Engineer: 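Below is one structure. I have some questions about it.
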Amino acid sequence: MPDLKATIEFNCIEEKCGKPIQFNMMALKESDGFLVCPACHRSYQFNKSTLDKLSKLRNLIVAIREAEEILDDCNIAVTTAVDEVKLPYRLLLTRLNTTFSLNLNDQQVDFTFRVEPLSEEGTFR
């Protein structure tokens with residue numbers, strides 16, 4: 001499996017900034033959870049609890065990547081009043097955005113990324 005990159009983005013919480021901050025979730029642990037906004041230079045230091053949550057999310061991404069050979073055989077079934085619709089798991093992973101919400105300085109911040117488990121580069125955006 002190639003080296004994985006998981007680019008995640010959230011908006012800076014500094015008043016009058018709000019610019020997007022992108023980081024590679026796979027490398028966040030190596031930086032001890034430290035990030036800097038490229039626009040206003042506000043620094044962020046994620047605590048252990050947040051890093052643990054992001055680590056679990058990383059493990060989920062790795063597990064999805066390792067299971068890619070069976071994704072064509074997996075479906076998510078949605079039951080409606082009339083029928084049941086099966087959506088291919090692979091399609092859901094490549095078409096739906098994932099949002100991970102955390103509390104930063106008493107503000108709810110949405111971290112967004114899209115899992116693309118089947119890209120040749122092994123990237124997740």
Side-chain angles (χ1 to χ4, degrees):
M1 177 166 35
D3 289 335
L4 295 178
K5 289 184 179 179
T7 303
I8 296 184
E9 180 177 289
F10 69 99
N11 292 332
C12 182
I13 63 172
E14 186 66 36
E15 196 172 324
K16 298 181 184 173
C17 183
K19 301 292 184 195
I21 300 171
Q22 288 188 352
F23 64 97
N24 178 1
M25 187 177 69
M26 301 304 191
L28 189 60
K29 195 170 188 176
E30 288 83 35
S31 71
D32 293 323
F34 183 76
L35 298 172
V36 176
C37 175
C40 72
H41 306 291
R42 177 193 167 111
S43 61
Y44 292 84
Q45 177 75 48
F46 295 116
N47 63 27
K48 182 178 177 349
S49 173
T50 301
L51 288 173
D52 287 347
K53 289 177 184 178
L54 289 172
S55 179
K56 289 178 183 180
L57 190 56
R58 177 196 181 281
N59 293 342
L60 176 62
I61 290 170
V62 170
I64 290 169
R65 180 71 179 181
E66 290 175 353
E68 71 179 278
E69 70 184 44
I70 67 163
L71 292 181
D72 287 332
D73 301 324
C74 297
N75 297 294
I76 302 294
V78 178
T79 303
T80 66
V82 178
D83 202 359
E84 180 177 86
V85 178
K86 291 184 179 180
L87 302 171
Y89 200 78
R90 177 189 304 259
L91 178 66
L92 291 175
L93 289 176
T94 59
R95 298 295 185 258
L96 297 178
N97 291 328
T98 300
T99 302
F100 188 63
S101 300
L102 294 175
N103 190 348
L104 296 180
N105 286 3
D106 297 325
Q107 294 182 39
Q108 182 171 337
V109 176
D110 292 332
F111 293 76
T112 56
F113 66 98
R114 187 168 67 190
V115 177
E116 295 184 25
L118 304 177
S119 66
E120 290 301 315
E121 302 84 34
T123 58
F124 296 83
R125 290 191 302 219

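These numbers come from a predicted model, not from an experiment.
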Engineer: Run the side chain to side chain contact (heavy atoms under 4.5 Å, CB included) test against Ala63 and tell me which residues pass, sequence neighbours left out.
Structural biologist: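 If we apply the side chain to side chain contact (heavy atoms under 4.5 Å, CB included) test to Ala63, skipping adjacent residues, there are no hits.
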
Engineer: Dump the intermediate steps for side-chain contact (heavy atoms from CB on, under 4.5 Å) on Asn103 and Val109, then the final yes or no.
Structural biologist: CA-CA 6 Å; Asn103 190 348; Val109 176; over 6 Å; no

Engineer: With sequence neighbours excluded, give me every salt bridge (Lys or Arg N to Asp or Glu O under 4.0 Å) pair touching residues 42-53.
Structural biologist: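 Qualifying pairs, neighbours excluded: Glu14-Arg42, Lys48-Asp52.
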
Engineer: Quick one: are Leu51 and Leu28 in side-chain contact, heavy atoms under 4.5 Å?
Structural biologist: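 A side-chain contact under 4.5 Å exists here.
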
Engineer: Going by distance alone, is a donor N or O of one side chain under 3.5 Å from an acceptor N or O of the other, for Thr80 and Asp83?
Structural biologist: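 There is no such pair (donor and acceptor under 3.5 Å, judged by atom type) between the side chains of Thr80 and Asp83.
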
Engineer: Do any pairs count as a ring pair (Phe, Tyr, Trp, His ring centres under 6.0 Å) and have a residue in residues 7-31, sequence neighbours left out, and if so which ones?
Structural biologist: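 Those involving residues 7-31 are Phe10-Tyr44, Phe10-Phe111.
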
Engineer: For Glu9, check side chain to side chain donor-acceptor pair (under 3.5 Å) against everything at least two apart and list the hits.
Structural biologist: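 Side chain to side chain donor-acceptor pair (under 3.5 Å) list for Glu9, sorted by chain: Gln22.
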
Engineer: How does the hydrophobic cluster around Phe34 look, that is, which other residues are in it when side-chain heavy atoms under 4.5 Å mark a link?
Structural biologist: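 Phe34 shares its hydrophobic cluster with Val36.
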
Engineer: Sequence neighbours left out, what passes side chain to side chain contact (heavy atoms under 4.5 Å, CB included) with Pro38? Give chain and number order.
Structural biologist: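 Ile21.
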
Engineer: If Ile, Leu, Val, Met, Phe, Trp and Tyr residues are connected whenever their side-chain heavy atoms lie under 4.5 Å apart, and connections chain through other members, are Leu87 and Ile70 in the same group?
Structural biologist: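 As far as the 4.5 Å side-chain criterion goes, Ile70 and Leu87 are not connected within one cluster.
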
Engineer: Out of curiosity, Asn75 CG to Glu84 CD, how far, rounded to the nearest 0.5 Å?
Structural biologist: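 Taking CG in Asn75 and CD in Glu84, the distance rounds to 9.5 Å.
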
Engineer: Can you tell me how far apart CD (Gln45) and OG (Ser31) are? Round to the nearest 0.5 Å.
Structural biologist: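 Going from CD on Gln45 over to OG on Ser31, the span is 7.5 Å.
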
Engineer: Name all residues meeting the side chain to side chain donor-acceptor pair (under 3.5 Å) criterion together with Asp32; count only those two or more places apart in sequence or in a different chain, and write none if there are none.
Structural biologist: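 None.
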
Engineer: Go through the structure and list residues passing side chain to side chain donor-acceptor pair (under 3.5 Å) with Gln108, not counting sequence neighbours.
Structural biologist: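 Only Ser101 meet the side chain to side chain donor-acceptor pair (under 3.5 Å) criterion with Gln108.
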
Engineer: For Asn59, enumerate each residue passing the side chain to side chain contact (heavy atoms under 4.5 Å, CB included) test, keeping only those at least two apart in sequence or located in another chain.
Structural biologist: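 Partners of Asn59 under the side chain to side chain contact (heavy atoms under 4.5 Å, CB included) test: Ser55.
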
Engineer: Tell me which pairs pass salt bridge (Lys or Arg N to Asp or Glu O under 4.0 Å) where either residue lies in residues 15-26, with sequence neighbours left out.
Structural biologist: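 Non-adjacent pairs meeting salt bridge (Lys or Arg N to Asp or Glu O under 4.0 Å): zero.
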
Engineer: Answer yes or no: is there a donor N or O on one side and an acceptor on the other, between the side chain of Asn47 and the main chain of Ser49, under 3.5 Å?
Structural biologist: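 Present.
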
Engineer: Which pairs pass ring pair (Phe, Tyr, Trp, His ring centres under 6.0 Å) with one or both residues in residues 70-92, sequence neighbours excluded?
Structural biologist: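 Residue pairs with at least one partner in residues 70-92: there are none.
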
